[in-house]
Chemist: 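The following block contains the structure, expressed as structure tokens.
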Amino acid sequence: MPSFVSLNLNKDFLRLYHKGKSCAKPTLVVYCMKNRLGLCRVGITTGKKIGGAVQRNRARRVIRAALQNTLCAHDLAGWDLVFVARTKTTRVKEPVVRAAMEDALQTLGVIA
RNA sequence: AGAGUGGAUCGGGCAGUCGCGGGUCGCAAGACACGAGGAAAGUCCGAGCUCCAUACAGCAGGGUAACGGCUAACGGCCGCCGAGGGUGACCUUAGGGAAAGUGCAACAGAAAGAAACCGCCGCUUUUGCGGCAAGGAUGGAAAGGCGAGGUAAGAGCUCACCGGCGCGCAGGAGACUGCGCGGCCAUGUAAACCCUACCCGGAGCAACACCGACCGGAUGCAGCAAUGCGCGUUCGCUGGACGUAUAUCCAAAGGGUGGCUUGAGCCUGUCGGCAACGGCAGGCCUAGACAGAUGAUUGCCUUCAAUGACAGAACUCGGCUUACAGAUCCACUCUCUUU
RNA sequence: GGCCCGUUGGUCAAGUGGCCUAAGACUCCGGCCUCUCACGCCGGCAACAGCGGUUCGAAUCCGCUACGGGUCA
């Protein structure tokens, strides 16, 4: 099973927001950037705007499940990724988020 | 049958596949069981725990407010009294003191506290003097209410009933209730200042303890000394206490470890109590993360429906308050019909 | 997570329980002035976060709720 390391520094998030490439879908926003570590680092952002703790947990879990399924099919090593949840993410099922995620990653050139 | 009152409970269950968190076993691969709530929420009260004198005094400040009990404690809960509402079951109630004092009561009104504008009566006479507070008018509130006697006119001036106050007797654990007697003096506001009684030291797990790389900081003045001033020890102020030089203290990372879950714990039975609650016996172990774990998907069953309410533990408890689709149960009240 | 603070027209804001039918400024609207615009002058619209309580009377006092901010590693 390919794994990932979580991003937890505000510095890394800001670097991706400012210098990374982005692609927005109705259920998801993706920021990406290459790193030289040879492994995949991922951060998930669920802002206060999308709801309370229940909605934020729901969005984070759905994104994480979609990421697991995407990692089974593609190799993302060498990339830093940040996923930002939107309001629609809380009302949507996992395959919808996975489709949006793969579509966005394809647009950004992360996966072929 | 209809309408209603009070209380309690549930918040789907089972199974399969992929994945997550900490725990136990294992060299490892992996295996095993466990894994959000009734409000986890708001942070409105009360505690445990930790540090600061195992915390002390005064002032300031804050809180509570009928009575009896429960509790570790409480502003909570139970019972009960008074007041108010309802035909009733039942519900609501920050419910001490206004005769300790101060303030306020706009506008209106003569007057908002020891009153007299219109008015009533007597004398005098066309203007005054004296008596009165029944009636009018204003107001949220007008000097106990209503009736009778009485009078020049009137007035608790006198009397009956009611209301309030004081005293005595009886009942009760007490708040209080009932009866009798007395005299009629007291407008409202204390969620205005205040008074009385009782309670509260401060801060909060981002507390605190230990380890800790790099770069750093503090240890003053007088005196032989005791000591004094200063400084520090978390507190709004003052006092008081403690410490004050060659080894200690402070600070210190994208820090690390502990604190971190066995506890005023839960379930069942029984006994005491109207109840809150307490005693005894037996059984059980039931999240512990540190960017933060429960998701995805499939099938079956119960169901009107379960894809669907409100909603996610962050040191831990006891309460309060607020949010909540739907469902179930228990007790009771009123009305109608039938027997 | 803990501890504090605030909410008054579209914006900034003042406001001793009664004179509040809520001051003022900017904005907006209408009119006057001007050949026209600006400036100026006159007039107008527009608010006490919500619910409940205390009081004769609440923007003000007391609770609860909602929203917005600050601070602590």
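Quick note on labels: first sequence line is chain A, next is B, and so on, each numbered from 1. Computed over heavy atoms, backbone and side chain alike; hydrogens, waters and symmetry mates excluded.
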Chemist: Given atom CZ of Arg56(A) and atom C1' of rG292(B), what is their separation to the nearest angstrom?
Modeler: 12 Å
Chemist: Using a strict threshold of under 4.0 Å (side-chain N to carboxylate O), is an ion pair present between Lys34(A) and Asp80(A)?
Modeler: no
Chemist: Using whole Å, report how far CD of Gln68(A) lies from C1' of rG19(B).
Modeler: 6 Å
Chemist: Under a 3.5 Å cut-off for both contacts, is rG292(B) paired Watson-Crick or G-U wobble with anything, and if yes, with which nucleotide?
Modeler: none
Chemist: Pick the closest RNA chain B nucleotide for Asn69(A) and for Arg60(A) by heavy atoms, then say which residue is nearer the 5' end.
Modeler: Arg60(A)
Chemist: When the C1' atoms of rC3(C) and rA311(B) are compared, how many Å lie between them, rounded to an integer?
Modeler: 25 Å
Chemist: Just to be sure I understand the rule, does Arg64(A) reach a base, reach only the sugar-phosphate, or reach nothing, if contact means heavy atoms closer than 4.0 Å?
Modeler: sugar-phosphate
Chemist: Can you check the Leu81(A) CG to rA291(B) C1' distance for me, whole Å?
Modeler: 17 Å
Chemist: Between rG37(B) and rC67(B), how far is it from one C1' atom to the other, in whole Å?
Modeler: 39 Å
Chemist: Considering all heavy atoms of both residues, which atom of Leu28(A) and which atom of Val30(A) are nearest to each other, and what is their separation?
Modeler: CD2-CG2, 4.0 Å
Chemist: Does the pair Glu94(A)/Arg98(A) count as a salt bridge with the N-to-O cut at 4.0 Å?
Modeler: yes
Chemist: What is the distance from CG of Asn57(A) to P of rG295(B), rounded to the nearest Å?
Modeler: 10 Å
Chemist: Can you tell me how far C1' in rG82(B) sits from the matching atom in rU43(B), rounded to whole Å?
Modeler: 35 Å
Chemist: Using a cut-off of less than 4.0 Å, is there contact between a side-chain N or O of Lys93(A) and OP1 or OP2 of rA296(B)?
Modeler: no
Chemist: Which atom pair, heavy atoms only, marks the closest approach of Ala66(A) to Met101(A)?
Modeler: CB-CE, 3.9 Å
Chemist: Looking only at atom C1', what distance separates rG258(B) and rC280(B), rounded to whole Å?
Modeler: 39 Å
Chemist: Could you tell me how far apart Ile63(A) (CD1) and rA293(B) (P) are, to the nearest whole angstrom?
Modeler: 13 Å
Chemist: Rounded to whole Å, how long is the line connecting atom CD of Gln55(A) with atom C1' of rC310(B)?
Modeler: 11 Å
Chemist: If anything within 90° of 0 is syn and all else is anti, what is rG38(B)?
Modeler: syn
Chemist: Do you know the tightest heavy-atom contact between Arg60(A) and Thr46(A)?
Modeler: NH1-OG1, 3.5 Å
Chemist: Is there a Watson-Crick or G-U wobble partner for rU127(B) with both distances under 3.5 Å, and if so, which one is it?
Modeler: none
Chemist: Expressed as a whole number of Å, how far does the P atom of rC20(C) sit from that of rA59(C)?
Modeler: 13 Å
Chemist: When the C1' atoms of rG259(B) and rA314(B) are compared, how many Å lie between them, rounded to an integer?
Modeler: 13 Å
Chemist: So what's rC49(B) paired with, Watson-Crick or G-U wobble, going by both distances under 3.5 Å?
Modeler: rG204(B)
Chemist: Going by purine N1 to pyrimidine N3 plus the second Watson-Crick contact, or the G-U wobble pair, all under 3.5 Å, which nucleotide sits opposite rG174(B)?
Modeler: none
Chemist: Could you check rA83(B) for me: syn (within 90° of 0) or anti?
Modeler: anti
Chemist: Partner of rC334(B) by Watson-Crick or G-U wobble geometry, both contacts under 3.5 Å, or none?
Modeler: rG2(B)
Chemist: Among Val84(A), Thr27(A), Thr45(A), Ile44(A), which one satisfies side chain to side chain contact (heavy atoms under 4.5 Å, CB included) with Ile63(A)?
Modeler: Ile44(A)
Chemist: State, to 0.1 Å, how close His74(A) and Glu102(A) come at their nearest heavy-atom pair, and which atoms those are.
Modeler: NE2-OE2, 4.0 Å
Chemist: Using the C1' atom as the reference point in each nucleotide, state the distance between rG318(B) and rG299(B) in Å, no decimals.
Modeler: 45 Å
Chemist: Pull up the glycosidic torsion of rG156(B) and say syn or anti, syn being anything within 90° of 0.
Modeler: syn
Chemist: If pairing requires Watson-Crick or G-U wobble contacts with both distances under 3.5 Å, which nucleotide is the partner of rA192(B)?
Modeler: rU102(B)
Chemist: I want to verify the glycosidic state of rU261(B); is it syn or anti under the 90° rule?
Modeler: syn
Chemist: Counting only Watson-Crick or G-U wobble pairs whose two distances fall under 3.5 Å, which nucleotide matches rC107(B)?
Modeler: none
Chemist: Take atom CD1 of Ile44(A) and atom P of rG292(B), then tell me their distance rounded to the nearest Å.
Modeler: 8 Å
Chemist: So does Arg98(A) get a side-chain nitrogen or oxygen closer than 4.0 Å to the phosphate oxygens (OP1/OP2) of rA296(B)?
Modeler: no
Chemist: How long is the line joining CZ of Arg61(A) and C1' of rG21(B), in whole Å?
Modeler: 11 Å
Chemist: Distance check, C1' atoms only: rG272(B) and rA306(B), in whole angstrom units.
Modeler: 46 Å
Chemist: My understanding is that a pair needs two contacts under 3.5 Å, Watson-Crick or G-U wobble. By that rule, which nucleotide pairs with rU246(B)?
Modeler: none
